[in-house]
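Notes follow once the structure below has been shown.
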There are 2 protein chains.
Amino acid sequence: MKISVEEAKNLLLEKGLKVTPQRSSILEAVFSLENHPSAEGIIDFIRQKHPHIATGTVYKVLDTLVDKQLIKRVKTDRDSMRYEPVIEDHHHLYCADTGKIEDYTDHELDRLLEDYFRQHGIPGFEIQEIRLQINGKFTN
Amino acid sequence: MKISVEEAKNLLLEKGLKVTPQRSSILEAVFSLENHPSAEGIIDFIRQKHPHIATGTVYKVLDTLVDKQLIKRVKTDRDSMRYEPVIEDHHHLYCADTGKIEDYTDHELDRLLEDYFRQHGIPGFEIQEIRLQINGKFTN
DNA sequence: GTATGTGCAAACTTTTTGCACTTCG
DNA sequence: CGAAGTGCAAAAAGTTTGCACATAC
């Protein structure tokens with residue numbers, strides 16, 4: 001799921017955002033760091049190449065990227081906020097013991113849910129997106 | 001979903017916790033406040049009757065109650081942590097516009113998911129619980 | 001009486017903000 | 001050039017901690 005700096009720049013351009021080194025690095029970081037990094041993880045990663053980026057900037061850029069739907073915030077029980085690239089629809093496996101989050105993609109399941117809610121709907125609510133949080137333990 | 005102070009005390013006793021006024025009020029608050037209250041909401045509610053409870057105490061008690069599975073933390077995108085009573089399994093409707101969270105119970109859906117995962121499983125992962133986050137808009 | 005729980009205030013972590021300066025297009 | 005983005009440092013939220021005191025059992 002790594003992307004090059006070039007690809008990162010294109011993503012920004014497509015959304016009508018100005019391309020800055022900070023933005024492309026942050027976008028690159030969220031795509032490269034597979035483990036749903038926190039702001040802190042992102043800052044650490046970026047400072048390897050870019051030692052002077054300011055924390056405030058990272059938060060501002062992350063907000064912008066979330067707004068423009070290039071990345072998403074991931075809900076967690078306890079931790080600080082985490083981020084992930086916007087890629088194909090997927091669900092999350094949460095490990096209660098370790099706090100690890102892993103992606104889970106399952107098109108058959110998605111179709112099943114889609115069918116189910118097409119038939120039933122939820123009165124008073126317009127569904128835009130369904131995400132499963134699957135809680136449990138990794139066994140390997 | 002309101003519970004009386006007596007019921008709150010019994011819940012604490014069942015879990016082997018000492019019954020204190022702070023604990024019963026906090027438990028009562030989480031059950032009474034339907035909207036998945038934050039620590040702050042809980043504190044405000046309790047201070048109506050109990051004006052001198054300390055913030056630190058509320059956080060400590062909430063942690064204890066979560067540990068003992070009397071209440072649960074609810075994942076949110078942006079806000080501070082929210083809480084809800086442990087009641088029958090249910091899912092959550094999240095309104096992107098307003099931040100409102102509402103419970104959604106659907107046994108037919110639960111059976112469907114249970115069947116699906118009984119057949120398929122997830123390699124390397126032991127499922128304990130499946131929660132849907134249904135994102136969208138309330139239309140009423 | 002003793003283990004457990006609470007109050008308090010300080011500290012910590014994470015995130016936000018305001019404004020002068022810089023940069024992208 | 002002008003609008004938009006960044007750095008910085010301060011402050012706001014939200015939560016945790018340590019310890020003396022109080023309370024439930």
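Labels below follow one simple rule: chain letters A, B, ... track the order of the sequence lines, proteins then strands, and each chain is numbered from 1.
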Using whole Å, report how far CG of B:Asp79 lies from C1' of D:dG14.
12 Å
Cation over ring face, A:Lys137 and A:Tyr94, 6.0 Å, 45°:
no
When you match B:Leu17 and A:Pro21 each to their closest nucleotide on DNA chain C, which lands nearer the 5' end?
B:Leu17
Looking at C:dG25, C:dG7, D:dA24, which one has an atom nearest to any side-chain atom of B:Lys18?
D:dA24
Atom CG of A:Leu13 and atom P of C:dC24 are separated, to the nearest Å, by 13 Å
Take a 6.0 Å sphere around CD of A:Glu40 and say whether it holds more than 12 heavy atoms from other residues, nucleotides or ligands.
no
Under 30°, 30 to 60°, or over 60°: which ring-plane class applies to B:His120 and B:Tyr116, parallel, tilted or perpendicular?
parallel
State which of C:dT15, C:dT6, D:dT6 makes the closest approach to the side chain of B:Val61.
C:dT6
Proximal nucleotide (of C:dT6, C:dT14, D:dG14) relative to the B:Glu40 side chain
D:dG14
Could you state the CG-C1' distance from A:Leu12 to C:dT23, rounded to the nearest angstrom?
15 Å
Rounded to whole angstrom units, what separation is found between the CG atom of B:Asp63 and the P atom of C:dT6?
12 Å
Going by the angle between their ring planes, with limits at 30° and 60°, are B:His91 and B:Tyr104 parallel, tilted or perpendicular?
tilted
Does OP1 or OP2 of C:dT16 have a side-chain N or O of A:Tyr59 closer than 4.0 Å?
no
The side chain of B:Val19 lies closest to which of these nucleotides: D:dC25, D:dT15, D:dG5?
D:dC25
With nearest nucleotide decided by heavy atoms, which residue, B:Met81 or A:His50, maps closer to the 5′ end of DNA chain D?
A:His50
Just how far, in rounded Å, is C1' of D:dG5 from CG of A:Leu62?
14 Å
Does OP1 or OP2 of C:dC24 have a side-chain N or O of A:Thr20 closer than 4.0 Å?
no
At their closest point, which heavy atom of A:Gly41 faces which heavy atom of A:Leu33, and how far apart are they?
O-CD1, 3.8 Å
Base D:dG18 to side chain B:Lys60, donor-acceptor N/O within 3.5 Å cut-off:
yes
Check the phosphate of C:dG7 against B:Gln22, side-chain N and O only, distance under 4.0 Å to OP1 or OP2. Yes or no?
yes
Roughly, in whole Å, what's the span from NZ in B:Lys15 to P in C:dG5?
15 Å
Whole-Å distance between D:dA9 P and A:Ile53 CD1?
16 Å
Figure out the CZ/C1' separation between A:Arg47 and D:dT6, and round it to whole Å.
13 Å
Please tell me which of the listed nucleotides, D:dG14, D:dA24, C:dG25, lies nearest to the side chain of B:Ser80?
D:dG14
